Peer 1: 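Attaching a single structure in C-alpha coordinates format; questions to follow.
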2 protein chains.
Amino acid sequence: MREFYTITELTREFDISTRTLRFYEDEGLIAPVRRGRTRLFRPSDRVLIKQIMRGKRLGFSIAEIREIIQMYKTPPGEAGQLHTIVEKVEEKRAELRQKRKDIEETLAELDAVEEACVNRLAEMRVAS
Amino acid sequence: MREFYTITELTREFDISTRTLRFYEDEGLIAPVRRGRTRLFRPSDRVLIKQIMRGKRLGFSIAEIREIIQMYKTPPGEAGQLHTIVEKVEEKRAELRQKRKDIEETLAELDAVEEACVNRLAEMRVAS
DNA sequence: GACAACTCTTACGTAAAAGTCAATTATAAT
DNA sequence: ATTATAATTGACTTTTACGTAAGAGTTGTC
(Lines give C-alpha, C1' and ligand atoms only; values in the text may rest on other atoms or scores of the structure.)
Protein backbone atom coordinates (compact mmCIF):
# COMPACT_ATOMS: atom_id res chain seq x y z
CA MET A 1 0.00 0.00 0.00
CA ARG A 2 1.25 3.46 -0.90
CA GLU A 3 2.23 5.83 1.82
CA PHE A 4 0.82 9.01 0.29
CA TYR A 5 -1.49 10.24 -2.42
CA THR A 6 -1.46 13.72 -3.95
CA ILE A 7 -4.63 15.74 -4.10
CA THR A 8 -5.02 15.36 -7.87
CA GLU A 9 -4.58 11.61 -7.70
CA LEU A 10 -7.56 11.46 -5.40
CA THR A 11 -9.65 13.93 -7.37
CA ARG A 12 -9.16 11.63 -10.37
CA GLU A 13 -9.93 8.46 -8.47
CA PHE A 14 -13.13 9.82 -6.95
CA ASP A 15 -14.08 12.21 -9.73
CA ILE A 16 -14.28 15.25 -7.50
CA SER A 17 -12.48 18.61 -7.50
CA THR A 18 -9.58 19.83 -5.41
CA ARG A 19 -11.97 22.44 -4.07
CA THR A 20 -14.14 19.65 -2.73
CA LEU A 21 -11.29 17.94 -0.91
CA ARG A 22 -10.14 21.23 0.58
CA PHE A 23 -13.71 21.92 1.59
CA TYR A 24 -13.92 18.57 3.37
CA GLU A 25 -10.73 19.42 5.20
CA ASP A 26 -12.21 22.77 6.28
CA GLU A 27 -15.25 20.86 7.46
CA GLY A 28 -13.06 18.60 9.55
CA LEU A 29 -13.90 15.42 7.68
CA ILE A 30 -10.31 14.73 6.67
CA ALA A 31 -6.97 15.94 7.96
CA PRO A 32 -4.20 15.22 5.48
CA VAL A 33 -0.65 15.83 6.68
CA ARG A 34 1.50 18.53 5.09
CA ARG A 35 4.88 18.73 3.49
CA GLY A 36 5.36 22.48 3.55
CA ARG A 37 1.95 23.74 2.43
CA THR A 38 1.22 20.79 0.21
CA ARG A 39 -1.31 18.24 1.40
CA LEU A 40 -0.28 14.61 1.57
CA PHE A 41 -3.14 12.14 1.84
CA ARG A 42 -2.58 8.86 3.64
CA PRO A 43 -4.45 5.64 2.92
CA SER A 44 -6.59 6.38 5.96
CA ASP A 45 -7.63 9.69 4.38
CA ARG A 46 -8.50 7.78 1.25
CA VAL A 47 -10.75 5.48 3.25
CA LEU A 48 -12.42 8.51 4.79
CA ILE A 49 -13.07 9.96 1.36
CA LYS A 50 -14.66 6.68 0.32
CA GLN A 51 -16.95 6.86 3.32
CA ILE A 52 -17.77 10.49 2.56
CA MET A 53 -18.72 9.64 -1.02
CA ARG A 54 -20.88 6.80 0.19
CA GLY A 55 -22.63 9.15 2.57
CA LYS A 56 -23.19 11.63 -0.23
CA ARG A 57 -24.70 9.00 -2.49
CA LEU A 58 -27.15 8.22 0.29
CA GLY A 59 -28.15 11.86 0.59
CA PHE A 60 -26.54 12.55 3.95
CA SER A 61 -25.44 16.11 4.63
CA ILE A 62 -21.89 16.96 5.56
CA ALA A 63 -22.99 17.28 9.19
CA GLU A 64 -24.54 13.82 9.15
CA ILE A 65 -21.52 12.33 7.45
CA ARG A 66 -19.34 13.91 10.09
CA GLU A 67 -21.48 12.26 12.76
CA ILE A 68 -21.19 8.86 11.14
CA ILE A 69 -17.43 9.19 10.73
CA GLN A 70 -17.14 10.21 14.37
CA MET A 71 -18.86 6.98 15.35
CA TYR A 72 -16.24 4.96 13.53
CA LYS A 73 -13.59 6.63 15.61
CA THR A 74 -15.08 5.09 18.74
CA PRO A 75 -12.83 6.33 21.51
CA PRO A 76 -12.39 4.04 24.51
CA GLY A 77 -14.42 6.57 26.48
CA GLU A 78 -16.35 6.07 29.66
CA ALA A 79 -19.57 4.12 29.99
CA GLY A 80 -21.95 7.05 29.52
CA GLN A 81 -20.27 8.07 26.28
CA LEU A 82 -20.34 4.51 25.01
CA HIS A 83 -24.06 4.30 25.67
CA THR A 84 -24.60 7.57 23.81
CA ILE A 85 -22.73 6.17 20.84
CA VAL A 86 -24.74 2.97 20.87
CA GLU A 87 -27.91 5.03 20.81
CA LYS A 88 -26.69 7.16 17.92
CA VAL A 89 -25.70 4.03 16.03
CA GLU A 90 -29.20 2.67 16.48
CA GLU A 91 -30.69 5.94 15.20
CA LYS A 92 -28.57 5.89 12.08
CA ARG A 93 -29.41 2.27 11.49
CA ALA A 94 -33.11 3.07 11.65
CA GLU A 95 -32.58 5.80 9.06
CA LEU A 96 -30.67 3.42 6.84
CA ARG A 97 -33.33 0.76 7.10
CA GLN A 98 -35.93 3.33 6.11
CA LYS A 99 -33.83 4.27 3.11
CA ARG A 100 -33.49 0.62 2.19
CA LYS A 101 -37.25 0.22 2.37
CA ASP A 102 -37.65 3.30 0.16
CA ILE A 103 -35.27 1.75 -2.32
CA GLU A 104 -37.14 -1.56 -2.43
CA GLU A 105 -40.41 0.26 -3.03
CA THR A 106 -38.98 2.43 -5.76
CA LEU A 107 -37.33 -0.55 -7.42
CA ALA A 108 -40.64 -2.40 -7.38
CA GLU A 109 -42.41 0.53 -8.98
CA LEU A 110 -39.74 0.83 -11.64
CA ASP A 111 -40.10 -2.88 -12.35
CA ALA A 112 -43.79 -2.28 -12.94
CA VAL A 113 -43.00 0.63 -15.27
CA GLU A 114 -40.62 -1.49 -17.30
CA GLU A 115 -43.09 -4.33 -17.55
CA ALA A 116 -45.76 -1.95 -18.77
CA CYS A 117 -43.38 -0.62 -21.41
CA VAL A 118 -42.36 -4.09 -22.54
CA ASN A 119 -45.96 -5.24 -22.73
CA ARG A 120 -46.89 -2.16 -24.71
CA LEU A 121 -44.07 -2.84 -27.14
CA ALA A 122 -45.16 -6.44 -27.52
CA GLU A 123 -48.72 -5.34 -28.31
CA MET A 124 -47.42 -2.96 -30.93
CA ARG A 125 -45.49 -5.75 -32.62
CA VAL A 126 -48.58 -7.97 -32.72
CA ALA A 127 -50.74 -5.19 -34.11
CA SER A 128 -48.37 -4.37 -36.96
CA MET B 1 -61.10 7.26 0.53
CA ARG B 2 -61.51 10.99 1.00
CA GLU B 3 -62.02 13.17 -2.00
CA PHE B 4 -59.86 16.10 -0.91
CA TYR B 5 -57.21 17.09 1.60
CA THR B 6 -56.39 20.63 2.68
CA ILE B 7 -52.85 21.87 2.52
CA THR B 8 -52.40 21.89 6.31
CA GLU B 9 -53.69 18.36 6.64
CA LEU B 10 -50.93 17.23 4.34
CA THR B 11 -48.24 19.38 5.94
CA ARG B 12 -49.11 17.66 9.23
CA GLU B 13 -49.19 14.19 7.77
CA PHE B 14 -45.84 14.57 6.05
CA ASP B 15 -44.27 17.02 8.49
CA ILE B 16 -43.44 19.62 5.86
CA SER B 17 -44.42 23.27 5.43
CA THR B 18 -47.02 24.84 3.19
CA ARG B 19 -44.16 26.63 1.49
CA THR B 20 -42.72 23.27 0.55
CA LEU B 21 -45.94 22.03 -1.03
CA ARG B 22 -46.35 25.28 -2.96
CA PHE B 23 -42.76 24.97 -4.05
CA TYR B 24 -43.43 21.46 -5.35
CA GLU B 25 -46.39 22.80 -7.25
CA ASP B 26 -44.23 25.54 -8.80
CA GLU B 27 -41.76 22.82 -9.73
CA GLY B 28 -44.49 20.90 -11.48
CA LEU B 29 -44.35 17.87 -9.21
CA ILE B 30 -47.96 18.18 -8.09
CA ALA B 31 -50.98 19.97 -9.51
CA PRO B 32 -53.75 20.25 -6.93
CA VAL B 33 -57.09 21.53 -8.16
CA ARG B 34 -58.53 24.81 -6.90
CA ARG B 35 -61.70 25.96 -5.30
CA GLY B 36 -61.35 29.67 -5.77
CA ARG B 37 -57.72 30.29 -4.90
CA THR B 38 -57.53 27.53 -2.35
CA ARG B 39 -55.71 24.35 -3.25
CA LEU B 40 -57.53 21.05 -2.91
CA PHE B 41 -55.34 17.97 -2.89
CA ARG B 42 -56.71 14.73 -4.24
CA PRO B 43 -55.62 11.26 -3.13
CA SER B 44 -53.47 11.11 -6.26
CA ASP B 45 -51.65 14.26 -5.13
CA ARG B 46 -51.13 12.61 -1.77
CA VAL B 47 -49.55 9.60 -3.47
CA LEU B 48 -47.28 11.93 -5.41
CA ILE B 49 -46.20 13.64 -2.20
CA LYS B 50 -45.38 10.24 -0.72
CA GLN B 51 -43.21 9.49 -3.72
CA ILE B 52 -41.54 12.88 -3.47
CA MET B 53 -40.71 12.33 0.21
CA ARG B 54 -39.31 8.92 -0.59
CA GLY B 55 -37.13 10.44 -3.26
CA LYS B 56 -35.96 13.10 -0.83
CA ARG B 57 -35.02 10.55 1.78
CA LEU B 58 -32.91 8.82 -0.84
CA GLY B 59 -31.09 12.06 -1.64
CA PHE B 60 -32.57 12.61 -5.08
CA SER B 61 -32.85 16.21 -6.26
CA ILE B 62 -36.15 17.73 -7.31
CA ALA B 63 -35.08 17.30 -10.93
CA GLU B 64 -34.37 13.61 -10.40
CA ILE B 65 -37.62 13.12 -8.53
CA ARG B 66 -39.44 14.79 -11.39
CA GLU B 67 -37.80 12.34 -13.78
CA ILE B 68 -38.83 9.34 -11.70
CA ILE B 69 -42.39 10.59 -11.37
CA GLN B 70 -42.54 11.14 -15.12
CA MET B 71 -41.62 7.49 -15.63
CA TYR B 72 -44.59 6.39 -13.57
CA LYS B 73 -46.86 8.34 -15.90
CA THR B 74 -45.80 6.11 -18.76
CA PRO B 75 -47.74 7.44 -21.70
CA PRO B 76 -48.77 4.93 -24.36
CA GLY B 77 -46.24 6.61 -26.60
CA GLU B 78 -44.55 5.24 -29.68
CA ALA B 79 -41.87 2.56 -29.72
CA GLY B 80 -38.90 4.92 -29.62
CA GLN B 81 -40.21 6.71 -26.56
CA LEU B 82 -40.93 3.43 -24.83
CA HIS B 83 -37.38 2.28 -25.42
CA THR B 84 -36.05 5.55 -24.01
CA ILE B 85 -38.13 5.05 -20.90
CA VAL B 86 -36.92 1.50 -20.46
CA GLU B 87 -33.35 2.77 -20.65
CA LYS B 88 -33.99 5.49 -18.10
CA VAL B 89 -35.63 2.96 -15.82
CA GLU B 90 -32.54 0.79 -16.04
CA GLU B 91 -30.30 3.76 -15.20
CA LYS B 92 -32.31 4.64 -12.11
CA ARG B 93 -32.32 1.03 -11.03
CA ALA B 94 -28.54 0.92 -11.27
CA GLU B 95 -28.36 4.02 -9.07
CA LEU B 96 -30.74 2.49 -6.58
CA ARG B 97 -28.76 -0.74 -6.44
CA GLN B 98 -25.61 1.27 -5.75
CA LYS B 99 -27.39 3.07 -2.94
CA ARG B 100 -28.56 -0.25 -1.53
CA LYS B 101 -24.99 -1.52 -1.60
CA ASP B 102 -23.86 1.66 0.17
CA ILE B 103 -26.49 1.08 2.81
CA GLU B 104 -25.45 -2.53 3.42
CA GLU B 105 -21.85 -1.46 3.82
CA THR B 106 -22.69 1.36 6.20
CA LEU B 107 -24.97 -0.91 8.22
CA ALA B 108 -22.18 -3.48 8.50
CA GLU B 109 -19.76 -0.84 9.72
CA LEU B 110 -22.27 0.45 12.27
CA ASP B 111 -22.77 -3.12 13.48
CA ALA B 112 -19.04 -3.30 14.07
CA VAL B 113 -19.09 -0.01 15.96
CA GLU B 114 -21.88 -1.21 18.21
CA GLU B 115 -20.15 -4.49 18.90
CA ALA B 116 -16.97 -2.65 19.84
CA CYS B 117 -18.93 -0.45 22.23
CA VAL B 118 -20.75 -3.39 23.80
CA ASN B 119 -17.50 -5.32 24.23
CA ARG B 120 -15.87 -2.30 25.79
CA LEU B 121 -18.74 -1.95 28.22
CA ALA B 122 -18.50 -5.64 29.13
CA GLU B 123 -14.79 -5.28 29.83
CA MET B 124 -15.48 -2.33 32.08
CA ARG B 125 -17.99 -4.31 34.08
CA VAL B 126 -15.53 -7.17 34.55
CA ALA B 127 -12.77 -4.81 35.62
CA SER B 128 -14.87 -3.08 38.23
C1' DG C 1 15.73 29.19 -17.97
C1' DA C 2 11.29 28.98 -19.42
C1' DC C 3 7.28 26.38 -19.90
C1' DA C 4 3.92 23.10 -18.11
C1' DA C 5 1.74 20.97 -14.48
C1' DC C 6 0.63 21.06 -9.90
C1' DT C 7 -0.07 23.27 -5.55
C1' DC C 8 -1.54 26.84 -2.27
C1' DT C 9 -4.68 30.66 0.02
C1' DT C 10 -8.31 34.05 -0.12
C1' DA C 11 -12.49 35.54 -1.53
C1' DC C 12 -16.54 36.21 -4.02
C1' DG C 13 -20.35 33.71 -6.67
C1' DT C 14 -24.06 30.40 -7.29
C1' DA C 15 -27.77 26.76 -7.57
C1' DA C 16 -31.01 24.13 -4.94
C1' DA C 17 -34.46 23.89 -1.57
C1' DA C 18 -36.70 25.72 1.11
C1' DG C 19 -37.49 29.53 5.41
C1' DT C 20 -39.45 33.76 6.68
C1' DC C 21 -42.13 37.83 6.48
C1' DA C 22 -45.74 40.95 4.73
C1' DA C 23 -49.98 42.13 3.02
C1' DT C 24 -54.43 40.17 1.71
C1' DT C 25 -58.47 37.39 1.47
C1' DA C 26 -61.74 33.67 2.83
C1' DT C 27 -64.12 30.72 6.02
C1' DA C 28 -65.80 29.36 10.47
C1' DA C 29 -67.09 29.96 15.12
C1' DT C 30 -68.96 32.58 18.95
C1' DA D 1 -70.54 41.37 13.62
C1' DT D 2 -66.22 40.29 15.00
C1' DT D 3 -62.61 37.39 16.12
C1' DA D 4 -59.84 33.55 15.11
C1' DT D 5 -58.11 30.32 11.83
C1' DA D 6 -56.50 29.10 7.50
C1' DA D 7 -55.41 30.26 2.93
C1' DT D 8 -53.29 33.04 -0.73
C1' DT D 9 -49.32 35.53 -3.45
C1' DG D 10 -44.90 37.79 -3.63
C1' DA D 11 -40.55 38.93 -2.28
C1' DC D 12 -36.58 38.65 0.24
C1' DT D 13 -33.30 35.63 3.06
C1' DT D 14 -30.78 31.61 4.40
C1' DT D 15 -28.16 27.28 4.30
C1' DT D 16 -25.52 23.84 2.04
C1' DA D 17 -22.00 22.42 -0.91
C1' DC D 18 -19.36 23.51 -3.51
C1' DG D 19 -17.60 26.54 -8.34
C1' DT D 20 -14.64 29.92 -9.99
C1' DA D 21 -11.20 33.32 -10.34
C1' DA D 22 -6.97 35.78 -8.82
C1' DG D 23 -2.40 35.73 -7.57
C1' DA D 24 1.58 33.30 -6.07
C1' DG D 25 4.83 29.54 -4.95
C1' DT D 26 7.01 24.66 -6.29
C1' DT D 27 8.70 20.88 -9.20
C1' DG D 28 10.03 18.75 -13.26
C1' DT D 29 11.83 18.71 -17.86
C1' DC D 30 13.28 19.94 -22.45
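Chain letters run A, B, ... following the sequence lines, proteins first and then strands; every chain starts at 1. What you see is a predicted model; the values in this text were computed from it and never measured. Basis for what follows: all heavy atoms, side chains included, without hydrogens, waters or symmetry-related copies.
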Peer 1: With sequence neighbours excluded, tell me which residues meet salt bridge (Lys or Arg N to Asp or Glu O under 4.0 Å) with Arg100(A).
Peer 2: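 Applying salt bridge (Lys or Arg N to Asp or Glu O under 4.0 Å) to Arg100(A) gives Glu104(B).
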Peer 1: Among pairs that include at least one residue of residues 32-41 of chain A, which meet side-chain hydrogen bond (donor to acceptor under 3.5 Å, both in side chains), considering only residues two or more places apart or in two chains?
Peer 2: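 Residue pairs with at least one partner in residues 32-41 of chain A: Glu25(A)-Arg34(A), Glu25(A)-Arg39(A).
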Peer 1: Where along residues 45-62 of chain B does a heavy atom fall under 4.0 Å from DNA chain C?
Peer 2: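 Within residues 45-62 of chain B, the residues near DNA chain C are Lys56(B), Ser61(B), Ile62(B).
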Peer 1: Other than Met124(B), what residues sit in its cluster of Ile, Leu, Val, Met, Phe, Trp and Tyr side chains whose heavy atoms are under 4.5 Å apart, directly or through others?
Peer 2: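 Members besides Met124(B), by chain and number: Leu82(A), Leu121(B).
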Peer 1: Map every base of DNA chain C to its dot-bracket character, where paired means a Watson-Crick or G-U wobble contact with both distances under 3.5 Å and | marks a partner outside the strand.
Peer 2: ||||||||||||||||||||||||||||||
Peer 1: Any chance you could pull the hydrophobic cluster mates of Phe4(A), using side-chain heavy atoms under 4.5 angstrom and chaining through other members?
Peer 2: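 Noted: Phe4(A) shares its cluster with Val33(A), Leu40(A).
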Peer 1: What residues in residues 10-35 of chain B put a non-hydrogen atom under 4.0 Å from any atom of DNA chain D?
Peer 2: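 Nucleic-acid contacts, sorted: Arg19(B), Arg22(B), Arg34(B).
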Peer 1: Please identify each residue that fulfils salt bridge (Lys or Arg N to Asp or Glu O under 4.0 Å) with Arg120(B), with sequence neighbours left out.
Peer 2: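 Counting only residues at least two positions away or on another chain, Arg120(B) forms a salt bridge (Lys or Arg N to Asp or Glu O under 4.0 Å) with Glu123(B).
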Peer 1: Taking any atom under 4.0 angstrom from a heavy atom of chain B, which nucleotides of DNA chain D are the first and last to qualify, 5' to 3'?
Peer 2: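 Range of nucleotides within reach of chain B: dA6(D) to dA11(D).
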Peer 1: For Arg19(B), check salt bridge (Lys or Arg N to Asp or Glu O under 4.0 Å) against everything at least two apart and list the hits.
Peer 2: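 Partners of Arg19(B) by the salt bridge (Lys or Arg N to Asp or Glu O under 4.0 Å) criterion come out as none, since no residue qualifies.
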Peer 1: Per the salt bridge (charged side-chain N to carboxylate O under 4.0 Å, His left out) rule, what does the pair list look like for residues 63-72 of chain A, sequence neighbours excluded?
Peer 2: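 Matches after skipping sequence neighbours: Glu27(A)-Arg66(A).
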Peer 1: Could you list the residues that satisfy salt bridge (Lys or Arg N to Asp or Glu O under 4.0 Å) with Glu13(A), not counting sequence neighbours?
Peer 2: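 Glu13(A) satisfies salt bridge (Lys or Arg N to Asp or Glu O under 4.0 Å) with Arg46(A) once adjacent residues are dropped.
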